[in-house]
Peer 1: 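The structure is given below, and queries will be raised subsequently.
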Amino acid sequence: MSISHLIANDLEIPVSNIIQEVHVLFQTGCTYKRAWYAQKFSIERCFSPCIDRFLYCRLVISMDGTHLRGPYKSVLLIASTWDANNHLFPLAFAIVDKESSERTETKQWKFDRVIKEIQERNVDAYIYLMKLDPEKWTLLHDCGHRHGIMTTNISEALNNILKKATVLL
């Protein structure tokens with residue numbers, strides 16, 4: 001197994017494990033910096049088709065949550081958009097614990113929750129989104145300008161696709 005396959009199978013692999021694997025496979029040393037760059041390069045290579053495709057997506061990102069059924073009472077958060085061919089393009093998924101309070105989910109609360117999850121999982125994505133005017137990329141703050149997307153069908157379509165899977169988790 002190559003180092004890039006090792007990283008592709010576990011994107012959160014510690015750099016120290018990469019250094020150790022280089023030593024085992026090639027009987028040579030590897031600096032932390034070189035292993036870190038190898039990990040970063042492999043991750044970018046794994047996701048580059050998605051990143052390239054994202055450049056041609058609509059300007060609206062739909063974020064929605066759906067409650068999981070079955071033994072795990074969690075919420076599946078989904079960020080998605082439409083690509084240039086009007087195909088559904090999922091951007092991110094996250095499973096978060098169900099709120100313990102009796103608080104009602106409002107659109108703003110859902111939005112804040114997804115943004116917090118993005119911040120925890122990918123600081124660069126969070127920084128990028130915070131630099132943009134929310135009116136440009138979210139239906140919650142768009143003042144009626146939806147860049148050709150007139151309904152929340154994108155979220156409903158993805159929820160419908162995943163409906164059976166929410167029981168399996």
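This structure is a prediction, so every number in the text was calculated from the model and none was measured.
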Peer 1: Kindly compute the distance separating CD (Glu12) from CG (Asn17), expressed to the nearest 0.5 Å.
Peer 2: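 Going from CD on Glu12 over to CG on Asn17, the span is 12.5 Å.
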
Peer 1: Are the side chains of Leu91 and Phe89 in contact, using a 4.5 Å heavy-atom criterion?
Peer 2: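 With C-beta onward as the side chain, the pair touches.
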
Peer 1: Side-chain heavy atoms nearer than 4.5 Å, only ILVMFWY residues, links allowed to pass through others: does that put Val114 and Phe54 together?
Peer 2: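 Both belong to a single hydrophobic cluster.
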
Peer 1: Same cluster for Tyr37 and Phe41 if Ile/Leu/Val/Met/Phe/Trp/Tyr side chains link at under 4.5 Å?
Peer 2: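 Different clusters.
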
Peer 1: Once you round to the nearest 0.5 Å, how far does NE2 of His23 lie from OG1 of Thr28?
Peer 2: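 If I round to the nearest 0.5 Å, the distance is 8.5 Å.
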
Peer 1: CD1 of Ile118 to CD1 of Ile127: how many Å apart, nearest 0.5 Å?
Peer 2: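 Spacing of CD1 (Ile118) from CD1 (Ile127) equals 12.5 Å.
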
Peer 1: Around atom CZ of Arg34, are there more than 12 heavy atoms from other residues, nucleotides or ligands closer than 6.0 Å?
Peer 2: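 No, not enclosed.
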
Peer 1: Using every non-hydrogen atom in the two residues, find where Val15 and Ala35 come nearest and quote the distance to one decimal.
Peer 2: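 Closest heavy-atom pair between Val15 and Ala35: CG1-CB, 3.6 Å.
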
Peer 1: Under 6.0 Å from the CD atom of Glu120, do we count more than 12 heavy atoms belonging to anything else shown?
Peer 2: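 Correct, the count exceeds 12.
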
Peer 1: Can you see which heavy atom on Cys30 is nearest to which on Val22, and at what distance?
Peer 2: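 Closest approach of Cys30 to Val22: CB-CG1, 3.8 Å.
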
Peer 1: What's the shortest heavy-atom distance between Ser80 and Pro90, and which atoms?
Peer 2: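 For Ser80 and Pro90, the tightest heavy-atom pair comes out as CB-CA, 3.9 Å.
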
Peer 1: Are Arg121 and Glu117 ion-paired here, with the side-chain N under 4.0 Å from a carboxylate O?
Peer 2: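 The answer is yes: the pair qualifies as a salt bridge.
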
Peer 1: Would you indicate whether the side-chain heavy atoms of Trp82 and Leu88 approach each other to under 4.5 Å?
Peer 2: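 Side chain of Leu88 against side chain of Trp82, heavy atoms only: contact under 4.5 Å found.
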
Peer 1: Test Gln20 against Ile18 for side chain to side chain contact (heavy atoms under 4.5 Å, CB included), laying out the working first.
Peer 2: CA-CA 5 Å; Gln20 184 178 6; Ile18 296 170; over 6 Å; no

Peer 1: Hey, does the side chain of Asn85 reach the backbone of His87 with a donor-acceptor pair shorter than 3.5 angstrom?
Peer 2: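 The answer is no, because no donor-acceptor pair under 3.5 Å joins these two groups.
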
Peer 1: I want to check something: taking the side chain as every heavy atom from C-beta on, are Arg113 and Val96 in contact at a cut-off of under 4.5 Å?
Peer 2: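 Yes, at least one pair of side-chain atoms sits under 4.5 Å.
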
Peer 1: Is there a path from Ile13 to Ile19 through hydrophobic residues (I, L, V, M, F, W, Y) whose side chains come within less than 4.5 Å of each other?
Peer 2: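 No, separate clusters.
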
Peer 1: Examine Tyr128 and Leu55 and state if one hydrophobic cluster contains both, with Ile, Leu, Val, Met, Phe, Trp and Tyr joined whenever side-chain heavy atoms are less than 4.5 Å apart.
Peer 2: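 As far as the 4.5 Å side-chain criterion goes, Leu55 and Tyr128 are not connected within one cluster.
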
Peer 1: In terms of hydrophobic clustering (I, L, V, M, F, W, Y; side-chain heavy atoms under 4.5 Å; direct or indirect links), are Ile115 and Leu132 co-clustered?
Peer 2: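 Ile115 clusters together with Leu132.
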
Peer 1: Rounded to the nearest 0.5 Å, how far apart are CG of Leu25 and CG of Leu6?
Peer 2: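 Nearest 0.5 Å value for the CG-CG distance: 8.5 Å.
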
